[in-house]
Amino acid sequence: MDEELHERIRDAVTTIPPGTVATYGDIAALAGASTPRLIGRVLSEDGADIPWHRVLRANGTPAPHLVHRQLELLRGEGVLADGQRIDLRTYRWRPE
DNA sequence: GATCTGACTTCGA
DNA sequence: ATCGAAGCCAGAT
């Protein structure tokens, strides 16, 4: 069922605690997605009711068009970005 | 149906 | 550090 994967991705993103961030690859692996691309696609479709701003790219930088928005939202949660890149080793969410 | 596009990642040069 | 190519999924044209 594709819908299950869809919801699983949303669930994984929603599971990210505040003040923490995760990469697309992490969400993909966590949700069982075969490719991180699905994460971005799902967020663009249903990323309205979930903390999509806690999802960053592999190098710690948000998407090009959302970079400004991301940094602002994250800043409000206590996640300070070093200029344009976020310290993944500091803020990266790790599932227990 | 085929083609393009898009919140991506990873490797090699 | 920068660039290009390949792999991958779903929706839109």
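The model shown is predicted, which means the values in this text are computed figures rather than measured ones. Just so we're on the same page: letters track the sequence lines, and every chain starts at 1.
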message: Need to verify one output field. Residue with the more 5' nearest nucleotide on DNA chain B, G25(A) or R41(A)?
response: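 Result of the comparison: R41(A).
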
field: Electrostatic pair R10(A)-D49(A), nearest N-O below 4.0 angstrom
entry: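 Result for this pair is no, no salt bridge flagged.
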
[X] [atom1] to [N] [atom2], straight-line distance once rounded to whole Å:
X: Q84(A); N: dA1(C); atom1: CD; atom2: P; value: 12 Å
X: I39(A); N: dT9(B); atom1: CD1; atom2: P; value: 10 Å
X: L38(A); N: dG6(B); atom1: CG; atom2: C1'; value: 12 Å
X: R37(A); N: dT10(B); atom1: CZ; atom2: C1'; value: 12 Å
X: R10(A); N: dA7(B); atom1: CZ; atom2: P; value: 19 Å
X: L30(A); N: dC8(B); atom1: CG; atom2: P; value: 19 Å
X: L5(A); N: dC8(C); atom1: CG; atom2: C1'; value: 12 Å
X: W52(A); N: dC8(B); atom1: CH2; atom2: C1'; value: 16 Å

Choose from [options] the nucleotide whose nearest atom is closest to any side-chain atom of [X].
X: L43(A); options: dA7(B), dG7(C), dC9(C); result: dA7(B)
X: R57(A); options: dA10(C), dC8(B), dA7(B); result: dC8(B)
X: Y24(A); options: dA7(B), dC9(C), dG11(C); result: dA7(B)

query: Quick one: do I16(A) and V42(A) end up in the same hydrophobic cluster if we chain Ile, Leu, Val, Met, Phe, Trp and Tyr together by side-chain heavy atoms under 4.5 Å apart?
result: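 Yes, one cluster joins them.
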
task: Would you name the heavy atoms of A31(A) and A12(A) that are closest together and state the gap between them?
output: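 Looking at all heavy atoms of both residues, the shortest contact is CB-CB, 4.5 Å.
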
- request: Using the C1' atoms only, state how far dG1(B) lies from dT13(C), rounded to an integer number of Å.
  value: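 Those two atoms are separated by 12 Å.
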
task: On DNA chain C, check which nucleotide each of S34(A) and E45(A) is closest to and give me the residue with the more 5' one.
output: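 Nearest-nucleotide comparison on DNA chain C picks S34(A).
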
- prompt: Where each residue is assigned the nucleotide of DNA chain C containing its nearest heavy atom, which of T35(A) and R85(A) is assigned the position nearer the 5′ end?
  reply: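 The residue whose closest nucleotide sits nearer the 5' end is R85(A).
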
task: Among N59(A), L74(A), T61(A), find the one that has a side chain to side chain contact (heavy atoms under 4.5 Å, CB included) with I86(A).
output: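 Only one option passes, and that is L74(A).
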
message: Go through it in stages, so that I can follow the logic: the residues are H6(A) and E45(A), the test is side chain to side chain donor-acceptor pair (under 3.5 Å), and I'd like the CA-CA distance, side-chain angles, deciding distance and then a yes or no.
response: CA-CA 10 Å; H6(A) 186 132; E45(A) 288 187 8; 4.5 Å; no

